[in-house]
Undergrad: 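Please see the structure below; I have some questions.
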Amino acid sequence: MPQHEETARDAAIEAEVERAELACREGDEAGALAALTRLAQLAPGRSGAGLATIRLHRRAGRLRLALRLCRDLLEQAPDHVEIRQELAECLDLVGYGAEARQLHRQLLREQPDAPASWSGLGRLLLREGHADAAEACLRRALRRDPAYLPALEGLGRLLIRRGETAEASARLRDAIAIAPESASVQTALARALLAEGRPAEARLWLDRALAHDPAEAEARSLRAPLLARAGLREAAWEDLAWARRLGPPLPLADRIPLWWGEAIPGQTLLLQPEGPLSLTLRLMRAVPVLAERGIEAILRVPAALLPLLEASGLPARFLAETLPLEQLPPADRLAALPDLPRLL
């Protein structure tokens with residue numbers, strides 16, 4: 001290729017990278033995907049474009065598409081470590097935990113000193129509820145590289161779950177010093193501060209996270225109740241709407257359209273529980289309003305609450321959330337139970 005053509009192509013590649021990054025920061029998912037697609041056409045051998053596209057699909061909940069892209073890229077570069085790590089992440093998120101764990105362990109056999117491999121296995125074990133094993137893996141990753149960002153964030157989140165918020169905050173502040181624009185780490189620190197009873201400081205970090213990445217769904221879902229308590233209900237609803245669109249999809253969201261509060265008399269609404277049992281019980285007061293609007297409600301609820309709710313006389317059908325998805329009755333719309341008061 002002549003020098004001037006190569007220079008022009010490099011400039012075009014750089015422009016598409018900038019467009020993709022800007023679109024991601026602004027929450028423009030379609031624009032980001034379009035830029036990444038053009039980038040892949042300009043530089044088909046550039047793995048960074050493929051990796052960025054996989055991560056965008058995974059973040060948007062398009063896990064099957066992300067998996068397919070992982071496999072396509074691995075046909076071209078079967079030993080690419082980062083793509084294999086993304087494959088393991090996606091496998092775990094779609095329910096193939098055993099296959100994901102096997103892939104992480106294979107990566108560890110190949111690169112026993114790689115912090116990315118230990119960190120990936122640790123995050124998987126944490127999602128599966130194996131906190132002690134997860135902590136061992138994450139701390140091992142940090143012994144190999146004390147500044148490895150995913151391990152710092154993963155350990156911080158694990159410590160929050162355990163209630164060890166002081167060490168969690170310290171770890172997450174270390175992570176922010178390394179990556180001051182990481183919206184995910186800033187959101188994790190805000191979660192730690194909320195657990196410590198410091199909502200005002202948490203709100204500042206959530207605002208910073210969303211300034212860096214407006215599409216950070218977790219930050220929006222955490223900020224929404226803080227805005228509501230401050231009387232900013234419209235802003236709170238906007239955050240919740242963003243969080244629902246951008247966050248992890250609800251079960252069956254690929255088959256049942258989400259409900260956004262529009263009139264649906266005579267139709268069936270399936271409500272998915274989220275949060276503690278006490279929250280589920282408090283939200284039951286909103287159920288009669290659905291019946292008044294001619295909506296037939298089906299609620300998936302924690303099995304421990306099923307006998308109580310079935311005897312409550314509430315105008316709804318209750319099913320244990322442990323019931324397999326394929327055995328659920330048909331429904332016209334889908335919503336998360338915590339969203340119900342705002343949707344009404």
Side-chain angles (χ1 to χ4, degrees), residues 45-59 61-162 164 167-168 170-179 182-185 187-188 191-192 218 248:
R46 185 165 173 162
S47 61
L51 267 174
T53 309
I54 290 167
R55 287 165 181 161
L56 195 61
H57 285 314
R58 173 165 59 80
R59 179 178 171 184
R62 294 188 293 266
L63 300 175
R64 300 287 175 183
L65 194 54
L67 272 172
R68 187 162 65 246
L69 186 52
C70 281
R71 297 188 189 282
D72 289 345
L73 289 174
L74 285 171
E75 286 183 5
Q76 303 169 30
D79 296 325
H80 197 290
V81 172
E82 286 183 282
I83 296 173
R84 291 160 75 200
Q85 287 169 344
E86 279 296 323
L87 176 60
E89 290 278 341
C90 292
L91 285 168
D92 182 39
L93 291 170
V94 296
Y96 293 99
E99 291 85 346
R101 195 160 46 251
Q102 181 180 359
L103 182 51
H104 277 304
R105 286 177 173 154
Q106 182 181 341
L107 287 165
L108 279 171
R109 284 194 296 272
E110 295 172 11
Q111 296 183 316
D113 293 323
S117 300
W118 286 108
S119 177
L121 180 58
R123 294 195 307 276
L124 182 150
L125 291 168
L126 181 59
R127 283 195 292 268
E128 292 181 343
H130 305 299
D132 291 342
E135 181 179 7
C137 289
L138 292 167
R139 291 191 184 278
R140 192 160 183 174
L142 290 171
R143 282 198 296 273
R144 281 155 175 74
D145 182 356
Y148 189 64
L149 188 65
L152 279 170
E153 181 181 352
L155 183 58
R157 289 181 178 275
L158 183 153
L159 293 167
I160 293 169
R161 289 191 190 186
R162 283 191 174 162
E164 299 174 23
E167 186 184 353
R171 293 285 185 173
L172 292 167
R173 290 182 192 277
D174 288 344
I176 288 171
I178 296 163
S182 171
S184 177
V185 177
T187 301
R191 188 177 283 281
E218 184 188 3

Undergrad: side-chain contact (heavy atoms from CB on, under 4.5 Å) between Leu152 and Leu172: does it pass, once the steps are laid out?
TA: CA-CA 7 Å; Leu152 279 170; Leu172 292 167; over 6 Å; no
Undergrad: For the atom pair CD (Glu135) and CZ (Arg162), what is the distance rounded to the nearest 0.5 Å?
TA: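 Reported to 0.5 Å precision, the distance equals 4.0 Å.
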Undergrad: How long is the span from the CG atom in Asp174 to the CD1 atom in Ile178, to the nearest 0.5 Å?
TA: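 If we round to the nearest 0.5 Å, Asp174:CG and Ile178:CD1 are 6.5 Å apart.
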Undergrad: Could you go through the side-chain contact (heavy atoms from CB on, under 4.5 Å) check for Leu126 and Arg161 one step at a time?
TA: CA-CA 10 Å; Leu126 181 59; Arg161 289 191 190 186; 3.8 Å; yes
Undergrad: Given Glu75 and Arg71, is the side-chain contact (heavy atoms from CB on, under 4.5 Å) satisfied, shown in steps?
TA: CA-CA 6 Å; Glu75 286 183 5; Arg71 297 188 189 282; 5.7 Å; no
Undergrad: I'd like to check the side chain to side chain contact (heavy atoms under 4.5 Å, CB included) partners of Glu167; sequence neighbours left out, ordered by chain and number.
TA: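 Testing Glu167 for side chain to side chain contact (heavy atoms under 4.5 Å, CB included), a comparison that skips the adjacent residues, returns Arg139, Leu159, Glu164, Arg171.
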Undergrad: Please determine whether side-chain contact (heavy atoms from CB on, under 4.5 Å) holds for the pair Gln85 and Ser117, giving the CA-CA distance in whole Å, both sets of side-chain angles, and the decisive distance to 0.1 Å.
TA: CA-CA 8 Å; Gln85 287 169 344; Ser117 300; 4.1 Å; yes
Undergrad: Can you see which heavy atom on Ile160 is nearest to which on Ala188, and at what distance?
TA: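 Result for this residue pair: CD1-O, 3.4 Å.
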Undergrad: Taking atom CD of Gln106 as the centre, does the number of heavy atoms from other residues, nucleotides or ligands within less than 6.0 Å exceed 12?
TA: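 Enclosed.
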Undergrad: Where is the tightest heavy-atom contact between Gly156 and Ala168, given as atom of each residue plus distance?
TA: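 Looks like O-CB, 3.4 Å.
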Undergrad: Return the minimal non-hydrogen interatomic distance between Ala134 and Leu158, and the atom names on each side.
TA: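 For Ala134 and Leu158, the tightest heavy-atom pair comes out as CB-CD1, 3.9 Å.
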Undergrad: What residues, two or more places apart in sequence or in another chain, satisfy side chain to side chain contact (heavy atoms under 4.5 Å, CB included) together with Asp145?
TA: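 With sequence neighbours excluded, Asp145 shows a side chain to side chain contact (heavy atoms under 4.5 Å, CB included) to Pro115, Ala147, Tyr148, given in chain and number order.
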Undergrad: As an exercise, state the distance from CD of Glu86 to CD of Glu89, rounded to the nearest 0.5 Å.
TA: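 Those atoms lie 6.5 Å apart.
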Undergrad: Between His80 (side chain only) and Ile83 (backbone N and O only), is there a donor and an acceptor less than 3.5 Å apart?
TA: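 Side chain of His80 to backbone of Ile83: a pair is present.
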Undergrad: On a heavy-atom basis, which atom in Leu103 and which in Arg84 lie closest, and how many Å separate them?
TA: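 Leu103 and Arg84 have their closest heavy atoms at CD2-O, 3.3 Å.
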Undergrad: Cys137 and Gly122: which non-hydrogen atoms are nearest, and at how many Å?
TA: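 Between these two residues, the closest heavy atoms are CB-CA, 3.6 Å.
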Undergrad: Testing His104, Arg143, Arg140 for side-chain contact (heavy atoms from CB on, under 4.5 Å) with Trp118, which one passes?
TA: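 The option that passes is Arg140.
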Undergrad: Side-chain donor-acceptor pair under 3.5 Å between Arg123 and Ser119, yes or no?
TA: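 Judged by distance alone, the side chains do pair up.
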Undergrad: Rounded at 0.5 Å granularity, tell me how far CG in Leu138 sits from CD in Glu153.
TA: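 Rounded to the nearest 0.5 Å, the CG-CD separation comes out at 10.5 Å.
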